[in-house]
Asker: 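Mind having a look at this structure? Questions to follow.
Keep in mind that what you see is a predicted model, and the values were worked out from it rather than measured. Protein chains get the first letters and strands the later ones, always in sequence-line order, with residue 1 at the start of each.
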Amino acid sequence: MANAIEVKNLVKRYKELVALDHFNLEIKEGEIFGLLGPNGSGKTTTINCILSLLSYDKGEIKVFGREMHPNSYDIKKDIGVVMQNVAVFDELTVYDNVDYFCGLYIKDKAQRKQYVNEAIEFVGLEDYTKFLPKKLSGGLLRRLNIACGIAHKPKLIFFDEPTVAVDPQSRNKILEGITKLNEDGATIVYTSHYMEEVEQICSRILIMDKGKNVAIGTKEELKKMIKNTETISIEVMGLEEDVLKELKELPHAYDVKYENMTLLIYFSGGKHNLVRVLECLQKRDISFGRVYSELPTLNDVFLEITGKELRD
Amino acid sequence: MFLHNFKYAMRTTMKNKTTLIWTLLFPIALATFMYMSFGELFEEEMMDVIPVAVVVQESNPSFEEVLASLSKEGEDQVIDMTVTSEKKALEKLENEEVDAIIYVTDIVYLKVPGNSYEATVLKTIIEEYYKVRYVVTDIGKTAPEMMQNALANLRSDNQYYTKMKTSDGNQDVYTNYFYAIFAMSCLFASFVACEKIQKIQANVSPLGMRRCLSPNSKMITILAEFFAMLITQFAIELITLAYMVMLGVDFGNKYPQIILVLFFGSCIGISFGIIIGSMTRFSSGAKEGICTCISMILSVMADLCASGIKYSIEQTMPIINRLNPSALIVDSFYALNIYDTYDRYFQNIATLGIMSAVLIIISFFIIRRNKYASL
């Protein structure tokens, strides 16, 4: 599969601050590629550099195999962007907004009309075509924002945190829509600091921090990069030091923490870890409350690699 | 692509009702207030013939000749005099049949019921008579051989007091204030332009960012927005003109030329807003502040608030008047009404047109900036 985007050795500085530090990226056509990182990690800066909105100090950017410039209209016509902030005209109705942005790409009137109707249907705004944006709820407004970005049926679509401040129902609708767009052939670049969303829809994920590429791969590949395979947490009162020592000596356990009446035992590999932990507690006649067995998340990946939480 | 942009530029302009209404209401309200203030003065400027009673107490042939000349029927008639006795004259004054009584003796004097425009006119006539009489008497005594030249000069001086019509326009000084309203209204188009131009800049608004990502030249977008705003602003100026005419403001009869000034005035106002909106260093609020300040200052400099400022600038730094769009608009009207030729008028119109084009081109070069350092 050919590369939709190629970024080599990209450096972007804001005065003293290095926003992108020799950043590299390759996104294949047909992927849903997730850019994951905490706020300020450089996700949006990366996108803006790729889109030729931002100048950069060093590096090379290619989109569909061609160098990207501000006047690369032949490349731009195949790109759609759904920005973090809603970007629509307050004075225009839902239909007119979609029609305006679609018209910047599609000249043929009949084709444009068809595309506009399809985009409105795609985001489920058929009942709101004559509404002004101010009459729409936050979730519907986000959907309009998406419709404006995708109406011209681009081959490459950037979604920059499209679900910020969106209710769960609209969020699911948006994520389903993105998957559908990908099934229809679009390459998707999805940025978020919500790891669940990225895990849910992305075929490959790049974790960023401080403008650097921290890790890249499928979610399974990323999780294999870390030591942790299972974390067991148990609500329990008054544990003695010798119990903690015994738990740490269980097969495959590599760390034990006991804070705020919650026992955390970290395992690297192994089966039936939970059974062994419970047997240990039962043997000592220790009462316990809720018990959880959690598989590693991308947050664990981020935590183990960078030493800090993904969410601020 | 231009037509698509233009269609939606028109639509967004027309649907921005708050801005649209205020842009229209402002000059109309200002014109109404001005008219309420100057309405009476307009009527007085018509200079009706003043009815006076003349009481000849002692023969004064030279002054009687002056009175006869001033009361001669025709366009230049100033007074309508009735020679009568003092008693009847007083009755007429009391019954308001006449505005004043002129007593003719060797020393001419005036009786008026109070301060009025008519009283001022009559007083001026008498003063002028005495001035001339003194000069003639003095020259007769001291240098009689110069009498011919002196009389010629006096006649020449009198030209100043003769009503002259050099143009079909209205030379009324108060109409200048209404010209200044047009100038200010045109410059106020800069607010809308400033706001709209920020919506095509990626570093100012998300909307601008989205538009920058489309495969289109920014010049097309700027021109589409410019023409949409121009049509709207020009329509507002025409409505304002129609309203002022309806009020009774006399703009003379050169309406095609007046409309051309309003067209180029709208152009410069919008271009002015576009260049301010293009300045990347300032925030949106700061840009609006700059628009307000500059529009107000330039309008004041073009005599909106008080007559004479523009003249003072002309005396000290005329280049400012040549570059101040507000002054150029006012001066275009002035030139139209004062001069019989169109040289100065077209010079002003051309300056407005060139300035407008230059501002738009500069804005394009600022906005088309290939990439931003930060967003």
Asker: Parallel, tilted or perpendicular: which one describes the rings of B:F333 and B:F251, with boundaries at 30° and 60°?
Answerer: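 Rings of B:F333 and B:F251: tilted, 30 to 60°.
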Asker: In terms of heavy-atom proximity below 4.5 Å to chain B, should A:N48 be classed as side chain, backbone, both, or neither?
Answerer: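 Just the side chain, heavy atoms under 4.5 Å.
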Asker: I'd like to know which of A:V86, A:T44, A:D96 tops the heavy-atom pair count under 4.5 Å against chain B.
Answerer: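 Ranked by contacts with chain B, first place is A:D96.
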Asker: Measure from the side-chain N and O atoms of A:S72 to the backbone N and O of A:H69, and report whether any donor-acceptor pair falls under 3.5 Å.
Answerer: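 Confirmed, A:S72 side chain pairs with A:H69 backbone.
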Asker: Check whether B:K199 gets within reach of chain A through its side chain, its backbone, both or neither, counting any heavy atom under 4.5 Å.
Answerer: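 The side chain, not the backbone.
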Asker: By a 4.5 Å heavy-atom criterion (distance strictly below it), what part of A:Y14 contacts chain B: side chain, backbone, both, or neither?
Answerer: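 The side chain, not the backbone.
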Asker: Side chain, backbone, both or neither: which part of A:C148 has a heavy atom under 4.5 Å from chain B?
Answerer: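 Both parts, backbone and side chain.
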Asker: Take A:L20 and A:Y56, measure what side chain to side chain contact (heavy atoms under 4.5 Å, CB included) needs, and give me the verdict at the end.
Answerer: CA-CA 9 Å; A:L20 292 174; A:Y56 45 88; over 6 Å; no
Asker: Can you tell which part of A:D90 gets under 4.5 Å to a heavy atom of chain B, answering side chain, backbone, both or neither?
Answerer: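 Neither the backbone nor the side chain of A:D90 comes within 4.5 Å of chain B.
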Asker: Check whether the side chains of A:S170 and A:D167 place a donor and an acceptor atom closer than 3.5 Å, and report yes or no.
Answerer: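 Per modelled atom types, A:S170 and A:D167 side chains form a pair under 3.5 Å.
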Asker: Checking A:D74 against chain B: side chain, backbone, both or neither under 4.5 Å from a heavy atom?
Answerer: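 Answer is neither: A:D74 stays 4.5 Å or more from chain B.
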Asker: Could you list the residues that satisfy salt bridge (Lys or Arg N to Asp or Glu O under 4.0 Å) with A:D21, not counting sequence neighbours?
Answerer: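 A:D21: salt bridge (Lys or Arg N to Asp or Glu O under 4.0 Å) contacts with A:K212.
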Asker: Heavy atoms only, distances under 4.5 angstrom: which of B:S217, B:S205, B:G208 has the most pairs with chain A? Name it, please.
Answerer: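 Maximum pair count with chain A is reached by B:S217.
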Asker: Checking B:T12 against B:K196: is there a side-chain donor and acceptor pair closer than 3.5 Å?
Answerer: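 Per modelled atom types, B:K196 and B:T12 side chains form a pair under 3.5 Å.
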Asker: Out of A:T45, A:V81, A:I75, which one racks up the most heavy-atom pairs below 4.5 Å with chain B?
Answerer: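 Sorted descending by pairs with chain B, the first entry is A:V81.
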Asker: Among the options A:R13, A:K107, A:E91, pick out the one with the most heavy-atom pairs lying under 4.5 Å from chain B.
Answerer: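 If we count pairs closer than 4.5 Å to chain B, A:E91 comes out on top.
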Asker: Taking A:V88, A:L132, A:I79 one by one, which has the highest count of heavy-atom pairs under 4.5 Å against chain B?
Answerer: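 Answer, by heavy-atom pair count under 4.5 Å with chain B: A:V88.
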Asker: Parallel under 30°, tilted from 30 to 60°, perpendicular over 60°: which one fits the rings of A:Y128 and A:F131?
Answerer: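 Answer is perpendicular, since the angle exceeds 60°.
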Asker: What pairs with A:Y105 under side-chain hydrogen bond (donor to acceptor under 3.5 Å, both in side chains), at least two apart in sequence or on another chain?
Answerer: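 Listed in chain order: nothing, the list is empty.
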Asker: Side chain from CB out, backbone as N, CA, C, O: work out which of these in A:L92 comes under 4.5 Å of a heavy atom of chain B, or both, or neither.
Answerer: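 Contact with chain B: side chain only.
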Asker: Would you mind checking which part of A:N97 comes under 4.5 Å of any heavy atom in chain B, side chain (CB onward), backbone (N, CA, C, O), both or neither?
Answerer: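 It is neither, since no heavy atom gets under 4.5 Å.
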Asker: Pick one: which of B:T221, B:I274, B:V192 meets side-chain contact (heavy atoms from CB on, under 4.5 Å) with B:I197?
Answerer: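 In the set B:T221, B:I274, B:V192, the residue that makes a side-chain contact (heavy atoms from CB on, under 4.5 Å) with B:I197 is B:I274.
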